[in-house]
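Report on the following structure.
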Amino acid sequence: MADTAIKIGMGTLLGGGFAIWRAHLGNQNQARKIYLDKKRELIEKVLDDIDAVYASATIYWANLSNAVFMRDGGRRLTAKETDELNNLERQLFGDFKIFGFCSSRLLLVGEEQAEQSLRDLRNAIDGFFKIGSVANDKCTQEVLQSHRDLIQAKRLELFASLHSAYKRAD
């Protein structure tokens, strides 16, 4: 009888231990899934935010390019055109805070390479922003095109980094 009780006790102990081990594995897998889902969500938010900044930069670039073309052709901007350009410039300047939010999100999920690519894009847009003014004689069509090409290249690099980060979240 004692032999049977020991066997039943050992079976129960092993079964309980196995159940605890399975529950632990299940919890780990669930926690990992939740983390990866949140990581993908943060990366998607970064993509949306960066696209918004890129749209602002593109609209400002197009309007500034047009203004520089008119300036170089001897035509002065109207007050309405100047106000519109100034508003677009303020919008782009205000959008720079988005880079900080996106940087924090990427660092939070351990994506240092993507965050570096984001900084490179921010620096390219900042370089454009610094020279981009109708009043600046150094702001020419060639310089604007050069900045546009650099911004596009840095955007592609960022999206490649984000693509890799997104794949790692699978």
Side-chain angles (χ1 to χ4, degrees), residues 17-69 83-136 138-170:
F18 181 72
I20 291 171
W21 178 69
R22 290 278 297 152
H24 176 70
L25 286 180
N27 287 341
Q28 278 184 327
N29 288 339
Q30 185 65 21
R32 176 137 177 87
K33 183 184 179 316
I34 290 169
Y35 169 76
L36 293 176
D37 288 346
K38 187 63 173 175
K39 182 176 182 175
R40 280 191 294 274
E41 182 183 313
L42 288 173
I43 292 170
E44 288 170 3
K45 179 70 173 147
V46 168
L47 287 167
D48 290 342
D49 288 349
I50 294 305
D51 267 349
V53 173
Y54 183 75
S56 291
T58 301
I59 292 168
Y60 179 63
W61 182 91
N63 280 274
L64 181 60
S65 180
N66 187 45
V68 167
F69 178 78
D83 285 345
E84 183 178 343
L85 194 58
N86 289 336
N87 287 336
L88 291 170
E89 182 180 36
R90 277 191 296 279
Q91 162 117 29
L92 180 58
F93 184 72
D95 285 347
F96 269 85
K97 68 181 176 244
I98 291 172
F99 284 111
F101 300 146
C102 291
S103 177
S104 297
R105 288 183 194 114
L106 291 173
L107 291 174
L108 181 66
V109 294
E111 292 299 334
E112 290 87 8
Q113 181 182 357
E115 196 274 336
Q116 178 60 54
S117 296
L118 176 65
R119 273 189 277 145
D120 292 344
L121 175 61
R122 185 202 65 222
N123 291 340
I125 292 175
D126 189 45
F128 159 65
F129 190 75
K130 287 178 181 175
I131 196 162
S133 171
V134 175
N136 185 350
K138 294 179 182 178
C139 184
T140 64
Q141 292 294 334
E142 295 78 25
V143 169
L144 287 175
Q145 186 61 46
S146 170
H147 280 284
R148 182 173 184 234
D149 292 344
L150 178 62
I151 290 168
Q152 287 176 335
K154 295 302 179 184
R155 180 175 178 257
L156 287 174
E157 289 174 16
L158 172 62
F159 275 63
S161 293
L162 291 174
H163 173 74
S164 296
Y166 198 82
K167 284 181 75 170
R168 283 190 297 276
D170 280 340

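Counting from 1, the numbers follow the sequence of the chain as shown.
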For [X] and [Y], work out which heavy atoms get closest and say how close.
| X | Y | value |
| --- | --- | --- |
| L92 | V53 | CD1-O, 4.3 Å |
| S103 | L118 | N-CD2, 3.4 Å |
| L144 | W61 | O-NE1, 2.8 Å |
| K138 | I131 | O-CD1, 3.9 Å |
| L64 | C139 | CD2-SG, 4.1 Å |

Return the set of residues passing salt bridge (Lys or Arg N to Asp or Glu O under 4.0 Å) with [X] (not counting sequence neighbours), or none when no residue passes.
| X | value |
| --- | --- |
| E84 | none |
| R122 | none |
| D83 | none |
| D126 | K130 |

Got a sec, which residues hit side chain to side chain contact (heavy atoms under 4.5 Å, CB included) with [X], two or more places apart in sequence or on another chain?
| X | answer |
| --- | --- |
| L108 | L42 |
| S146 | none |
| R40 | L36, D37, Y166, A169, D170 |
| Q113 | S161 |

Contacts of type side-chain hydrogen bond (donor to acceptor under 3.5 Å, both in side chains), residue Q145, not counting sequence neighbours: D149
Residues in side-chain hydrogen bond (donor to acceptor under 3.5 Å, both in side chains) contact with S133, at least two apart in sequence or another chain: none
Distance alone, cut at 3.5 Å: any donor-acceptor contact between the side chains of R119 and Q116? yes
Test side-chain contact (heavy atoms from CB on, under 4.5 Å), reference K154, set L150, L158, L156, output is L150
Give every residue pair that meets the ring-ring contact (aromatic ring centres under 6.0 Å, His included) criterion with at least one member in residues 84-104, sequence neighbours excluded. F93-F129, F96-F99, F96-F129
What pairs meet the salt bridge (charged side-chain N to carboxylate O under 4.0 Å, His left out) rule with one or both residues in residues 88-107, with sequence neighbours excluded? D49-R105
If the threshold is 4.0 Å, N to carboxylate O, is there a salt bridge linking E41 and K45? no
